[in-house]
Amino acid sequence: MRARGVRGQRGDLPGRGHRVRAVVPGRPARRRGAVRPWARRERVLVPLLASFGAGSAVSALFWAGGALLAPAGPVRYGSWAVGMAVDLAIPLLSGRRIARAPHHTEHLRERFGLFTIIVLGESVLGFTNGLVKAHSAGSATVTGAAAFALCACLWWSYFSASGTRPGAHAELARDPRLLHTYVFGHLPVQLGLAVTGGAVGTAVVGSANRLTTALALCVLGGVALFLLSTAAVRSAFTGVRDPVVLLRVGTALLIAALVPVAGSLPVAVVLAVPAGLLGVSVAAEGPSHRRRLAEAG
């Protein structure tokens, strides 16, 4: 059966003791053409899935073995360290297969941005909980304001970068080296944010007017690690002489230089100084980000 303007595909439907000839509307040739790219894509992904499946199975042996067979101590932690190393090595060993697979760099950028927001949100939650516990302290409001300024400047520093804008880093789909740099470079970025956030919450809730050396190292070292990591990721795309890279490295060194004297400064000052340096750095980076976006567009 055919209708004007509609091509059909015949098929058999089961009936009571006989078969009914039915027509399924559609364009078979067009449907086959739409299916073929998906089939080709699946064939490309099969070797990649095999690599990740085999690597994950090996990694699971070390994770499960450390948890179930090894006693608590160096042996267990060593087993877990090997499992983590295997997990991190899987993408590096599967570089050629990853390069042949289709990439959606916009989704990658979006998901890393979302994860960064979650980590920063935990930092804000940490110092707000600290404010609740330290509400009786006279300096709690000033310290809380400095903590909020630091978290806000970390957010500003990450999301003001041209690499976090829509359409950025399209070259990730063409160069596995850049893809690995972008993905693995976010590990120390998130580590720096997490360490800083946890230390800021502890600093706000503490009753002392001064930070211990370890706590100051976590606050200032975490911010410095964040800046150095974002600079390293950007340098893979723009080169080490890029103004933003140089600004972030310089800011990180200035913040790290505060560690020896942080113990003699009030808590609010230790939190406010890196926040101010981050704000100045982001403002100075603006022209370079706009220029890179204009070149990409």
Side-chain angles (χ1 to χ4, degrees), residues 42 44-101 103-104 107-130 133 151 154 158 172 176-177 179-206 212-226 228-230 232-233:
E42 289 176 359
V44 169
L45 293 178
V46 166
L48 183 60
L49 293 175
S51 297
F52 274 80
S56 298
V58 174
S59 173
L61 293 177
F62 289 98
W63 286 106
L68 300 176
L69 302 179
V75 176
R76 174 178 293 180
Y77 301 139
S79 178
W80 288 348
V82 174
M84 178 64 72
V86 173
D87 285 330
L88 295 176
I90 294 173
L92 300 177
L93 297 177
S94 307
R96 292 183 179 180
R97 296 180 176 182
I98 292 175
R100 290 194 295 266
H103 295 87
H104 300 282
H107 293 169
L108 188 66
R109 178 199 62 80
E110 179 186 354
R111 278 151 181 77
F112 273 117
L114 178 61
F115 188 72
T116 302
I117 290 175
I118 293 173
V119 176
L120 287 172
E122 289 295 323
S123 303
V124 174
L125 181 63
F127 77 76
T128 50
N129 287 337
K133 297 178 181 179
C151 292
L154 287 170
Y158 182 86
L172 288 175
R177 180 183 64 86
L179 181 63
H180 291 325
T181 302
Y182 186 78
V183 173
F184 284 100
H186 271 80
L187 292 176
V189 169
Q190 304 302 331
L191 177 62
L193 291 175
V195 170
T196 301
V200 165
T202 304
V204 171
V205 75
T212 64
T213 302
L215 199 56
L217 181 61
C218 288
V219 172
L220 301 174
V223 176
L225 177 61
F226 164 80
L228 292 175
S229 302
T230 54
V233 172

A.B. asks: Just checking Phe184: does its CZ atom have more than 12 heavy atoms from other residues, nucleotides or ligands closer to it than 6.0 angstrom?
C.D. replies: yes
A.B. asks: Nearest 0.5 Å, please: how far is CG in Leu120 from CG in Leu125?
C.D. replies: 12.5 Å
A.B. asks: Shortest non-hydrogen contact from Val200 to Val219?
C.D. replies: N-CG2, 4.2 Å
A.B. asks: Could you tell me the separation between the OG atom of Ser79 and the CG atom of Leu69, rounded to the nearest 0.5 Å?
C.D. replies: 8.5 Å
A.B. asks: Would you name the heavy atoms of Ile90 and Ser51 that are closest together and state the gap between them?
C.D. replies: CG2-O, 4.3 Å
A.B. asks: To the nearest 0.5 angstrom, please state how far the NE2 atom of His186 sits from the OG1 atom of Thr230.
C.D. replies: 9.0 Å
A.B. asks: Going by heavy atoms in the side chains, are Arg111 and Phe115 under 4.5 Å from each other?
C.D. replies: no
A.B. asks: Which residues satisfy the ring pair (Phe, Tyr, Trp, His ring centres under 6.0 Å) test with Tyr77, sequence neighbours excluded?
C.D. replies: Trp80
A.B. asks: What are the two closest heavy atoms between Ala194 and Val119, and how far apart are they?
C.D. replies: N-CG1, 3.8 Å
A.B. asks: Determine whether Trp63 and Asp87 make a side-chain contact, defined as any pair of heavy atoms from C-beta on separated by less than 4.5 Å.
C.D. replies: yes
A.B. asks: Distance-only, no hydrogens or angles: does the Thr196 side chain make a donor-acceptor pair with backbone N or O of Val223 under 3.5 Å?
C.D. replies: yes
A.B. asks: With a 3.5 Å distance limit and no angle check, can you tell me whether Ser59 reaches the backbone of Gly55 through a side-chain donor-acceptor pair?
C.D. replies: no
A.B. asks: CG/Leu193 to CD1/Ile117 distance, rounded to the nearest 0.5 angstrom?
C.D. replies: 11.5 Å
A.B. asks: Can you find a pair of side-chain heavy atoms, one from Phe226 and one from Val195, that are under 4.5 Å apart?
C.D. replies: no
A.B. asks: With rounding to the nearest 0.5 angstrom, report the CD to CZ distance, Gln190 to Phe112.
C.D. replies: 7.5 Å
A.B. asks: What closest approach, in Å, do Val124 and Cys151 show between heavy atoms, and which atom pair accounts for it?
C.D. replies: CG2-CB, 4.2 Å
A.B. asks: Taking the side chain as every heavy atom from C-beta outward, state whether Leu187 and Leu88 have any pair of such atoms under 4.5 Å apart.
C.D. replies: yes
A.B. asks: For the atom pair CG (Leu93) and CZ (Phe52), what is the distance rounded to the nearest 0.5 Å?
C.D. replies: 9.5 Å
